[in-house]
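Labels below follow one simple rule: chain letters A, B, ... track the order of the sequence lines, proteins then strands, and each chain is numbered from 1.
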Amino acid sequence: MSDPRRPYVRPMAGWWRRNPFFVEYMVHEATALFVAAYALVLLVGLLRLAQGEAAWSGWLEALRSPLSVVFHVVLLTAIAYHAWTWFRIMPKTMPPLVVGGKRVAPATITACGLAAAGVCSLAVLALVLVLAGGLTR
Amino acid sequence: MKAAMKRSNAPIFWGLFGAGGMLAALFGPVLVFITGIAVPLGLILPADAMSWPRMQAFAQHWAGKGFLFAIIALFLWHAAHRICHSLHDLGVHAGAATRLACYGSAALGTLLAAGALWAVGF
């Protein structure tokens, strides 16, 4: 539909490439693609698990291919970046936190979030080590 | 009066986005490392850590079932919400079709995960 007045419309294509702040915004938003990809990897594994031992072993074998390991290194990088940006933004997305009459500093909230992620990671690794180490058998 | 009665569905999707984002931030990196790097390469963890009897038992236990369901479903809802809004930032209007594609995929994945966890048995 052409407008006979031909008004000026500011082009919006590529708007986020003009400012490093917006580039970073788009990069951390794009981590969602990698979170989705990993959820799909796990979903396929779960569907294979439900189909029996042979199907499950096939999925495990596929995870051992060099291409899969490289893909998971990329996933690890992207999802670790998601974790870092998630806790960096958290002070702005959560309600103000007041302790002892003073508002908790944004840096403290970010540090607590990252520490929680570290504790969760170590706890999961330890749990898998204990379960797979044969202590329960 | 009518406008006041019609409540937005945004808090539901935002809640699922937040829950999935938090789970992905807390557990995402370590899970990718375990399932995609450590176990396939036999690093730190034994190479049979995800063997059939172990994972079957894990998926049959109520705690394992709950964990797998929460991780897969909430990761999907988190990603769907974020992708839907980023498409808007890129000039793709977040209309009914876009929302149906994003949230519909997440809903489908959630149903498939629930079905598989049911089929694994108890």
Side-chain angles (χ1 to χ4, degrees), chain A residues 12-13 15-16 22 25-26 29-43 45-53 56-57 60 63-65 68-69 71-73 75-76 79-80 82-87 90 93 113 116-117 119-125 128-129 131-134, chain B residues 17-18 20-22 24-41 44-56 58-59 68-69 71-83 85-86 89-91 105-106 109 112-113 115-121:
Chain A
M12 283 305 287
W15 61 270
W16 55 274
F22 295 137
Y25 167 79
M26 288 309 260
E29 290 291 296
T31 60
L33 295 170
F34 298 90
V35 173
Y38 184 57
L40 289 180
V41 169
L42 291 183
L43 179 59
L46 184 56
L47 291 168
R48 299 309 265 165
L49 188 74
Q51 285 168 355
E53 186 167 1
W56 173 253
S57 302
L60 277 187
L63 284 186
R64 271 187 219 112
S65 78
S68 166
V69 173
F71 179 61
H72 280 85
V73 170
L75 283 182
L76 178 61
I79 296 179
H82 158 76
W84 157 248
T85 54
W86 185 260
F87 292 122
M90 199 164 71
T93 52
V119 169
C120 286
S121 302
L122 288 177
V124 170
L125 267 181
V128 174
L129 264 176
L131 291 177
Chain B
F17 160 78
M22 188 57 88
L26 291 175
F27 295 104
V30 74
L31 288 177
V32 173
F33 175 71
I34 290 172
T35 67
I37 299 168
V39 171
L41 296 182
I44 306 173
L45 301 169
D48 70 336
M50 283 164 66
S51 64
W52 163 254
R54 267 205 193 103
M55 288 312 289
Q56 195 195 26
F58 182 68
L68 289 171
F69 183 71
I71 290 289
I72 295 174
L74 290 174
F75 276 25
L76 285 174
W77 284 101
H78 165 79
H81 183 79
R82 205 166 224 188
I83 290 168
H85 283 259
S86 296
D89 294 336
L90 290 173
S105 314
L112 284 173
L117 285 167
W118 181 267
V120 163

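Counting heavy-atom pairs closer than 4.5 Å to chain A, the top-ranked of the candidates B:Pro53, B:Ser105, B:Ala106, B:Gly18 is B:Gly18. By number of non-hydrogen pairs under 4.5 angstrom with chain B, the leading residue of A:Leu40, A:Val119, A:Leu125, A:Val41 is A:Leu125. With chain B as the partner, the residue from A:Phe71, A:Phe34, A:Trp84, A:Tyr25 showing the most heavy-atom pairs under 4.5 Å is A:Tyr25. Residue with the most contacts toward chain B among A:Leu33, A:Leu47, A:Leu63, A:Leu49: A:Leu49 (heavy-atom pairs, distance under 4.5 Å). For the set B:Leu74, B:Ile34, B:Ile72, B:Leu117, the count of heavy-atom pairs under 4.5 angstrom toward chain A peaks at B:Ile72.
Shortest non-hydrogen contact noted between B:Leu26 and A:Gly113 is CD2-O, 4.4 Å. Looking at every heavy atom in both residues, A:His72 comes nearest to B:Val32 through O-CG1, 3.4 Å. Closest of all the heavy-atom pairs between B:Ser86 and A:Met26 is O-CE, 4.4 Å. The two residues A:Ala50 and B:Ala119 come nearest to each other via the heavy atoms CB-CB, 4.0 Å. Between B:Ala25 and A:Trp86, the shortest heavy-atom contact is CB-CD1, 3.7 Å. Here the closest non-hydrogen pair linking B:Pro29 and A:Ala80 is CG-CA, 3.9 Å.
With a 4.5 angstrom heavy-atom cutoff, A:Leu60 touches chain B only via side-chain atoms. Interface remark: B:Phe69 contributes no atoms to any contact with chain A (heavy atom separation under 4.5 Å). Interface residue B:Leu76: backbone and side-chain heavy atoms are both found under 4.5 Å from chain A. B:Ser51 touches chain A through its backbone: at least one of N, CA, C or O sits under 4.5 Å from a heavy atom, while the side chain does not. Contact annotation for A:Thr31: only side-chain heavy atoms (C-beta onward) come within less than 4.5 Å of a heavy atom of chain B. Contact of B:Leu112 with chain A is made through backbone and side chain together, with heavy-atom distances under 4.5 Å.
In terms of modelled atom types and a separation under 3.5 Å, the side chain of B:Trp52 and the main chain of A:Gly52 share no donor-acceptor contact. For the pair A:Tyr38 (side chain) and B:Leu31 (backbone), a donor-acceptor distance under 3.5 Å is present. With hydrogens and angles ignored, the 3.5 Å screen pairs no side-chain donor or acceptor of B:His78 with any backbone N or O of A:Ala32. The backbone N or O of B:Asp89 lies less than 3.5 Å from a partner atom in the side chain of A:Trp15, making a donor-acceptor pair.
Contact annotation: the side chain of A:Val69 approaches that of B:Leu41 to within less than 4.5 Å [non-hydrogen atoms, C-beta and beyond]. Here the side chains of A:Val124 and B:Phe27 are in contact, with some heavy-atom distance below 4.5 Å.
Expressed to the nearest 0.5 Å, how far CG of A:Leu46 lies from CD1 of B:Ile71 amounts to 12.5 Å. Rounding to the nearest 0.5 angstrom, the gap separating the CZ atom in B:Phe75 from the CG atom in A:Leu42 is 7.5 Å. Residue B:Ile37 holds its CD1 atom at 8.5 Å from CG of A:Leu75, rounded to the nearest 0.5 Å.
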Pair B:Met22-A:Met90, side chain to side chain contact (heavy atoms under 4.5 Å, CB included): steps then yes or no: CA-CA 10 Å; B:Met22 188 57 88; A:Met90 199 164 71; 3.6 Å; yes

